[in-house]
J.: 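Below is a structure I'd like to ask you about.
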Protein chains: 2
Amino acid sequence: MTTSDERPPSAEKSRKAAGEVNPLDRIVGFQLRRAQLKTFNELIRLFDKLDLKPPQFAVLKVLETHPGINQTRAAKMLAIKRTNFVTLVDGLEQRGLAERRVSAKDRRGRPLFLTEAGTKLMAKAGSIQAKHERDLMHRLGGAEELETFLRLLHRLIAGTNADE
Amino acid sequence: MTTSDERPPSAEKSRKAAGEVNPLDRIVGFQLRRAQLKTFNELIRLFDKLDLKPPQFAVLKVLETHPGINQTRAAKMLAIKRTNFVTLVDGLEQRGLAERRVSAKDRRGRPLFLTEAGTKLMAKAGSIQAKHERDLMHRLGGAEELETFLRLLHRLIAGTNADE
DNA sequence: TATTGTTATACTCTATAACTATA
DNA sequence: TATAGTTATAGAGTATAACAATA
């Protein structure tokens, strides 16, 4: 990604580098896919030293703002299946970043909490992610464009029932 | 569900329906993921009767606009790996929608073409996809918003070397 | 030596069904 | 009966390494 070759801005070369005329460029779904893959890959690299990936960060983020949330609701927020969420939490619990407790009210539930280590890690991860977000904002053109972008994304998502 | 705290049912339901406060709502990457998943799932359902999925449609679309393109360039346009592209084309070739020929110039290459059946299928698939695209445009708010959205997406993608 | 297409393979993601223990 | 969590498992999707044929 940091290949800083000298690149003359000739139309010929920039066209080739950009992947040519590409009929997929004007199809919303495919552009969404590319943008999503790129932002995730960027975040993966930024989280590299924390041994954290975007989905794991997302779980911790939800626990941070919703301590004691149960797994069904958390999985819905993350738009992943309850069943796949289990493995995710297993990993975080084994690393001592999150913990499942037992609810007194409903003994079926396993309310989720960040551990102290999880809270500490989130301090670092959160600032890394926030920095990335600012980078994205700048690439979009500024604060106003970011708002516009989020609003448009939300219009596409609206009416979604997350998962399941 | 009748236990726990006393809470007005209206607030309870709207909170649940809206997916709650969700700290992921303002993180670009995760909103991108949700929007991408949703548009793809919509397209999958629309293509249902054609037994076609978005990646397959994308390949056929590239062959339609770039007849004779080689696999390396096509894979780059699709932002997937050459190696995974092989399986994709295998499937399309077995269904008689695309074909690999042999190049006289460079006998390593296998220039790709739509078959007649492939062209016919693309007539249907293309109009389905175009209709979906118009639907997305309306949800975004109109033609102007679509342009804005694509422009912003492109700003995030810019500088990407696709894949590999 | 580099490139095109390919096979084999592994690893991650995601999806479905069925089970348990509670309610 | 329904719900929260879980297990097992299958299927996509995606990744790397290595090879043959050709340039």
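Chain letters run A, B, ... following the sequence lines, proteins first, then strands; residues in each count from 1.
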J.: Restricting to side chain to side chain contact (heavy atoms under 4.5 Å, CB included), what partner residues turn up for Glu99(B), sequence neighbours left out?
T.: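 Glu99(B): side chain to side chain contact (heavy atoms under 4.5 Å, CB included) contacts with Glu93(B), Arg101(B), Phe113(B), Thr115(B).
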
J.: Please identify each residue that fulfils side chain to side chain contact (heavy atoms under 4.5 Å, CB included) with Ile128(A), with sequence neighbours left out.
T.: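 In terms of side chain to side chain contact (heavy atoms under 4.5 Å, CB included), with neighbours along the sequence ignored, Ile128(A) is linked to Leu46(A), Phe47(A), Leu50(A).
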
J.: Counting only side-chain nitrogens and oxygens, does Gln71(B) get under 4.0 Å of the OP1 or OP2 atom of dT3(C)?
T.: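 Checking dT3(C) against Gln71(B), no side-chain N or O comes under 4.0 Å of OP1 or OP2.
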
J.: What is the separation between atom CZ on Phe40(B) and atom P on dC13(C), rounded to the nearest whole Å?
T.: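 Answer to the nearest Å: 18 Å.
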
J.: Suppose we screen for ring pair (Phe, Tyr, Trp, His ring centres under 6.0 Å). Which residues come up paired with Phe40(A), at least two apart in sequence or across chains?
T.: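 So Phe40(A) forms a ring pair (Phe, Tyr, Trp, His ring centres under 6.0 Å) with Phe30(B).
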
J.: Could you tell me if the side chain of Leu60(B) sits less than 4.5 Å from the side chain of Thr119(B), heavy atoms only?
T.: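 No, side chains not in contact.
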
J.: How long is the line joining NZ of Lys76(A) and C1' of dG5(D), in whole Å?
T.: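 The distance from NZ of Lys76(A) to C1' of dG5(D) comes to 15 Å, rounded to the nearest Å.
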
J.: Under the side chain to side chain contact (heavy atoms under 4.5 Å, CB included) rule, collect the residues that match up with Asn84(A), sequence neighbours excluded.
T.: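 Here the qualifying residues are Lys81(A).
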
J.: Within less than 4.0 Å of OP1 or OP2 of dT4(C), is there a side-chain N or O belonging to Arg73(B)?
T.: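 For dT4(C), neither OP1 nor OP2 has a side-chain N or O of Arg73(B) closer than 4.0 Å.
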
J.: Between dT6(C) atom C1' and Asn70(B) atom CG, what is the distance in whole Å?
T.: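 Going from CG in Asn70(B) over to C1' in dT6(C) covers 14 Å.
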
J.: Mind checking whether Pro23(B) and Val62(A) have side chains closer than 4.5 Å, heavy atoms only?
T.: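 Yes, their side chains come closer than 4.5 Å.
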
J.: What pairs with Asp48(B) under salt bridge (Lys or Arg N to Asp or Glu O under 4.0 Å), at least two apart in sequence or on another chain?
T.: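 Testing Asp48(B) for salt bridge (Lys or Arg N to Asp or Glu O under 4.0 Å), a comparison that skips the adjacent residues, returns none.
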
J.: Just report the end-to-end axis angle for the helix from dT1(C)-dA23(D) to dA23(C)-dT1(D), five pairs per end, to 10 degrees.
T.: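 Terminal axis comparison yields 0°.
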
J.: Please list all pairs meeting salt bridge (charged side-chain N to carboxylate O under 4.0 Å, His left out) that have one or both residues in residues 142-159 of chain A, counting only residues at least two apart or in different chains.
T.: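 Found Glu147(A)-Arg26(B).
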
J.: Could you run down the sub-3.5 Å N/O contacts of the protein with nucleotides 9-14 of chain D?
T.:
| from | atom 1 | to | atom 2 | distance (Å) |
| --- | --- | --- | --- | --- |
| dT14(D) | OP1 | Arg33(A) | NH2 | 3.4 |

J.: Taking salt bridge (Lys or Arg N to Asp or Glu O under 4.0 Å) as the definition, give me every residue that meets it alongside Asp106(A), ordered by chain and number, with sequence neighbours left out.
T.: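 With neighbours one apart ignored, the set is Arg108(A).
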
J.: Run the side chain to side chain contact (heavy atoms under 4.5 Å, CB included) test against Thr72(A) and tell me which residues pass, sequence neighbours left out.
T.: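 Once residues adjacent in sequence are excluded, the partners of Thr72(A) under the side chain to side chain contact (heavy atoms under 4.5 Å, CB included) criterion are Asn70(A), Arg82(A).
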
J.: With nearest nucleotides of DNA chain D determined for Thr72(A) and Asn41(A) from heavy-atom distances, which residue corresponds to the more 5′ nucleotide?
T.: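 Looking at DNA chain D, the more 5' nearest nucleotide goes with Thr72(A).
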
J.: Sequence neighbours left out, what pairs pass side chain to side chain donor-acceptor pair (under 3.5 Å) with at least one residue falling in residues 126-138 of chain A?
T.: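 Every pair satisfying side chain to side chain donor-acceptor pair (under 3.5 Å) with a residue in residues 126-138 of chain A: Glu42(A)-His132(A), Gln129(A)-Glu133(A), Asp135(A)-Arg139(A).
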
J.: What does the list of N/O pairs under 3.5 Å between the protein and nucleotides 17-23 of chain D look like, with a distance for each?
T.:
| from | atom 1 | to | atom 2 | distance (Å) |
| --- | --- | --- | --- | --- |
| dT22(D) | O2 | Arg108(B) | NH1 | 3.4 |
| dA23(D) | OP1 | Arg107(B) | N | 2.8 |

